[in-house]
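Below: the structure, in structure tokens.
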Amino acid sequence: MVRDLVRLIHSVKRPSHFKQIHALVTTAFPSLASFLVRRLLSVPLVDYAREVFDRIPQPDEDLSNSLISMYARLSLHEEAMEVFRSMIRSDVCIDSYTVPPIIKSCLSLADLGLGKQVHCLAIGRGLDTDAFVQTALMNFYSRSGELAFAKTIFEKMGTKDPIAYNCLISAYSNSGDVLAARKLFDEMPNRSTASWNSLISCYACNGDYQEALRIFERMKDEKCNPNEITLASVFSICAKLGDLNAGLSAEKFIDDNNLCRNTILSTAIMEMYLKCGAVEEARRQFDKMNKRDVVTWSAMIAGYAQNGKPEQALELFESMKNENIKPNDVALVSILSVCADSGSVEACEEIGCYIESQGMASNVFVASALLDMYSKCGNISKSHQIFLNMPQKDTVTWNSMIAGLATNGLSEDAFAVYKQMIKTGGRPNDITFVGLLTACSHAGLVEMGLEIFRHMKIDHEIVPQIEHYACIVDLFCRAGRLKDAYDFICGMEVEPNAVIWSSLLSASRIHMNIELAELSVKKLAEQDPDSSWYYVLLSNIYSSTSHWQEALNVQKMLKDKKVQKAAAYSWVEVDNKLHKFLVGDSSLPRNTEVHGTVNGLAMQSTWVGHDFDSSLGL
DNA sequence: TTAGGGTTAG
């Protein structure tokens, strides 16, 4: 009878049959409960298995280990820890099969302290000489950035298998020590495909993409069997380099070697096309995939966003929800940035409500992108409210708030947030200072801007980038100090770019400085020869200052070059309808009213002391 | 043991 029941337990599949067997086991054969738990774990019906498990008076370590392993495999790490704790409480023997899955859970829970406790426990029970335990611990320390611990375990190991080497290579890689990783790789007796993969990813993670690709070439030459993981890394490298040719030849390698295009690999290929600007091809890859996970969707949405296709990004976001893929923080951050740039208040409100309803608003990445979005559509009070309610703030949070306040004209508040950032131990980076300098620029605080520029170098060891120089040039220009701006440009430690010369040109136009305008245009023509907008500006400056001949010369040159200026327009969305405004367009339904309002605003701004520029075509 | 996605400025 018992043997028949065991056979039955192993053969049933339907939950209703399990219930009947469960009843039989509970009432007549309690000793078979362990068999039932194992069978339920293999289905897997893990919740049901747990239910039966909890009623076994003294489950042995093998059964507990199986349950822990299953929880770890299903990423139910809290549950795995709970079983582990109850094993310790009830003195169930911890063996070399218990430690690896529980260490894996500690890693997933990002709990270094807990992992160290498990390590101590393993030492106490003499398990730290077991190869599986050692490998698990090495992997744990390697991924937790604890190089010293990983090294100690490695040195203690008797026979070192390739896995131990690979873990240590990753540990060196994570701590940025590429040379040590390479040395270890060179010394390894038996290299597996994973060893090569670890080295490639080591170079890639530390920014040496060319060397990573060279290792891949060597791997092919030496017939070391690149696999799906190798290729996923290679595509990610091609994406970072924007190297479509390398990507295409890697795709050929996949086909020639019959590698399986799994979800991760296909997503990496798609990402390669996206980063190379081949959005249509990326979309074809996306449509071709038979399985897509949340990363696939997020990558495609982000790809649309980064390639200037906000409508497609929003559309795909809707499809993602319709297919019941729950958007995670990464997908939300991309879509928030799309909404922020769309200028559509309705789209912003909608996504804001969705995020609240999903309980995602407390995620630090999502909240930062959310407050940035609100400040970009002018709702600075909502933005500030989100900022105040955030339990954690990272550098991006502080930066977004500072920049948001600065661009909304609240310079004093931007400085106050910066002071609070420093006081609470926030670490400013180069972007923080772009925000602060923008605040100075908008408030006309030239001396303060210069002081901040010095302070960032001296107190925070931040090397000024071209963006910071551009802010200072803008600061001088807005204050009408064109000569100072020009002297500053001449003293810059980096080559001035088109942004710098554009600022000077715009200021020269406002202040009618022909000499500096000519100089800026000369530089812009060198750096951006395909554009011609600066010649149009120059011609306008000549006309406004009665230099008719010069104006004609420029216009003739533009005509000879057959330059056609694309008409710029502004637009606004009201009630989901887009309204465009073009210079000289009289076809608007309420044209007279629109022009009347604009003229009224122009007049009012003159009353409050603004020098209204009539040459802007109004 | 080794693999894929995101936000802040200009």
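Just so it is clear: chains get the letters A, B, ... in the order the sequence lines come, proteins before strands, and each one is counted from 1. The shown structure was predicted, so the numbers you read here are calculated from the model rather than taken from an experiment.
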A:Ser368 side chain: which of B:dG4, B:dT7, B:dT8 is closest? B:dT7
What's A:Asp161 touching, base or sugar-phosphate or nothing? Going by heavy atoms closer than 4.0 Å. nothing
Name the nucleic acid region contacted by A:Ala232, choosing base, sugar-phosphate or nothing; use a 4.0 angstrom heavy-atom cut-off, strictly under. base
Tell me: CD1 of A:Ile200 to P of B:dG4, nearest whole Å? 12 Å
Starting at atom CG of A:Leu336, determine the distance to atom P of B:dG5, rounded to an integer number of angstrom. 20 Å
Looking at every strand, decide which applies to A:Lys275 at a 4.0 Å heavy-atom threshold: base, sugar-phosphate, or nothing. sugar-phosphate
Does a side-chain N or O of A:Gln306 approach OP1 or OP2 of B:dG5 to a distance below 4.0 Å, or not? no
Between A:His460 and A:Phe433, how do the two ring planes meet: parallel, tilted or perpendicular, split at 30° and 60°? tilted
Expressed as a whole number of angstroms, how long is the span from A:Tyr304:OH to B:dT7:C1'? 21 Å
A:Met272 CE to B:dG4 C1', straight-line distance once rounded to whole Å: 13 Å
Which of these nucleotides, B:dG5, B:dT1, B:dA3, is closest to any side-chain atom of A:Ala299? B:dG5
Which nucleotide sits closest to the side chain of A:Ser201: B:dG6, B:dA9, B:dA3? B:dA3
One pair to check against side chain to side chain contact (heavy atoms under 4.5 Å, CB included): A:Arg214 and A:Glu217. What are the steps and the verdict? CA-CA 5 Å; A:Arg214 275 195 289 274; A:Glu217 289 304 319; 5.5 Å; no
Short side-chain N/O contact from A:Thr438 to OP1 or OP2 of B:dG10, under 4.0 Å: yes
Is the phosphate of B:dT2 approached by A:Asn139 (side-chain N or O, under 4.0 Å from OP1 or OP2)? yes
Testing A:Ser441, A:Ser503, A:Ser506 for side-chain hydrogen bond (donor to acceptor under 3.5 Å, both in side chains) with A:Asp474, which one passes? A:Ser441
For the side chain of A:Asn307 and the backbone of A:Lys309, is there at least one donor-acceptor N/O pair under 3.5 Å apart? no
Between B:dG4, B:dA9, B:dT2, spot the one nearest the side chain of A:Thr263, thanks. B:dG4
How about A:Met401 and A:Asp413: do any of their side-chain heavy atoms sit closer than 4.5 Å? no
How many Å lie between CE on A:Met390 and P on B:dT8, as a whole number? 14 Å
For A:Met360 and B:dT7, what is the distance between atoms CE and C1' respectively, to the nearest whole Å? 13 Å
Residues A:Tyr469, A:Phe453; criterion ring-ring contact (aromatic ring centres under 6.0 Å, His included); working and verdict: CA-CA 9 Å; A:Tyr469 288 107; A:Phe453 188 73; 5.6 Å; yes
Using only modelled atom types and a 3.5 angstrom limit, is any donor from either the side chain of A:Ser334 or the base of B:dG6 paired with an acceptor on the other? no
Counting just side-chain N and O atoms, does A:Arg191 come under 4.0 Å of either OP1 or OP2 of B:dT2? no
Which is true for A:Asn262 with a 4.0 Å heavy-atom rule: it touches a base, it touches only sugar-phosphate, or it touches nothing? base
Which of A:Leu168, A:Leu137, A:Thr135 passes side-chain contact (heavy atoms from CB on, under 4.5 Å) with A:Ile153? Answer is A:Leu137
Of all the nucleotides listed (B:dA9, B:dT7, B:dT1), which has the minimum atom distance to the side chain of A:Ile163? B:dT1
Send over the distance from A:Met456 CE to B:dA9 P, rounded to a whole Å. 16 Å
Closest listed nucleotide, where the reference is the side chain of A:Ser337 and the choices are B:dA9, B:dT8, B:dG4: B:dT8
Which of the following nucleotides, B:dG6, B:dA9, B:dT1, is nearest to the side chain of A:Asp329? B:dG6
In this structure, how many angstroms lie between the C1' atom of B:dT7 and the CD1 atom of A:Ile335, rounded? 13 Å
B:dG10 base to A:Asp474 side chain: any donor-acceptor pair below 3.5 Å? no
Over all strands shown, is A:Ala302 touching base, sugar-phosphate only, or nothing at heavy-atom distances under 4.0 angstrom? sugar-phosphate
Which part of the nucleic acid, if any, lies within reach of A:Lys376 when heavy atoms closer than 4.0 Å are counted: base, sugar-phosphate only, or nothing? sugar-phosphate
B:dG6 base to A:Asn328 side chain: any donor-acceptor pair below 3.5 Å? no
Nearest listed nucleotide, side chain of A:Ile229, among B:dT7, B:dG5, B:dA3: B:dA3
Over all strands shown, is A:Glu467 touching base, sugar-phosphate only, or nothing at heavy-atom distances under 4.0 angstrom? base
Base, sugar-phosphate, or nothing for A:Arg261, non-hydrogen atoms under 4.0 angstrom? nothing
Side chain of A:Ser233 (C-beta onward), nearest among B:dG5, B:dG10, B:dA3: B:dA3
From the list B:dG10, B:dT7, B:dG5, which nucleotide is the closest neighbour of the side chain of A:Val294? B:dG5
